Amino acid sequence: MPLDLLPSPGASGALAVLLLLFALVIAWYALGQVKWGIFLKDGGSPQAKVLRLLLAIALAWTLVQFISAYMFAWRMLKTLFTG
């Protein structure tokens, strides 16, 4: 993950963890709009909640990868104009 934008590895790690948690909350919130009863036998079962959590983790990871790639590309673009 190219999140090494901060001077220390600890700060970069903290940024990565915060981004992952923030993305997980966003993904969980977004998946709340899905009517799980349409796709699953019992949309309110514990298994359905675990499936929602796993999908939220997958979406959060994808979102963080996108943000990380965007930040890396932005950093590289800045060097294009500054020399």
Side-chain angles (χ1 to χ4, degrees):
M1 214 185 302
L3 282 173
D4 56 350
L5 301 173
L6 299 175
S8 72
S12 294
L15 176 63
V17 168
L18 288 175
L19 276 175
L20 279 167
L21 290 176
F22 181 69
L24 184 61
V25 169
I26 289 173
W28 182 266
Y29 176 73
L31 287 172
Q33 292 299 311
V34 176
K35 293 187 180 191
W36 297 104
I38 295 173
F39 303 107
L40 306 171
K41 292 179 187 176
D42 183 13
S45 69
Q47 291 90 353
K49 291 176 183 174
V50 169
L51 178 62
R52 182 178 173 193
L53 176 64
L54 292 174
L55 288 173
I57 290 170
L59 285 173
W61 181 258
T62 304
L63 179 60
V64 168
Q65 290 298 316
F66 172 78
I67 291 169
S68 176
Y70 182 84
M71 288 169 42
F72 181 74
W74 185 256
R75 186 175 175 194
M76 293 298 107
L77 276 175
K78 284 178 24 179
T79 62
L80 176 69
F81 298 113
T82 59

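The first residue of the sequence shown is numbered 1, and numbering continues consecutively from there. Keep in mind that what you see is a predicted model, and the values were worked out from it rather than measured. Just so it is clear, the values below take in all heavy atoms, side chains as well, and ignore hydrogens, waters and symmetry mates.
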Give me the atom names and distance for the closest heavy-atom approach of Leu31 to Ala56.
CD1-N, 3.4 Å
Of all heavy-atom pairs linking Ala48 and Gly43, the shortest is CB-O, 3.3 Å
Side-chain (Ser68) to main-chain (Val64) donor-acceptor, under 3.5 angstrom:
no
[atom1]-[atom2] distance between [X] and [Y], expressed to the nearest 0.5 angstrom:
X	Y	atom1	atom2	answer
Trp74	Lys78	CH2	NZ	8.0 Å
Leu15	Leu20	CG	CG	9.5 Å
Leu53	Leu24	CG	CG	6.5 Å

If two hydrophobic side chains count as joined below 4.5 Å and joins carry through other members, does [X] share a cluster with [Y]?
X	Y	answer
Trp28	Leu21	no
Leu63	Leu59	no
Phe39	Leu51	yes

Test item: Trp36 and Asp42 side chains (from C-beta on) under 4.5 Å apart, heavy atoms:
no
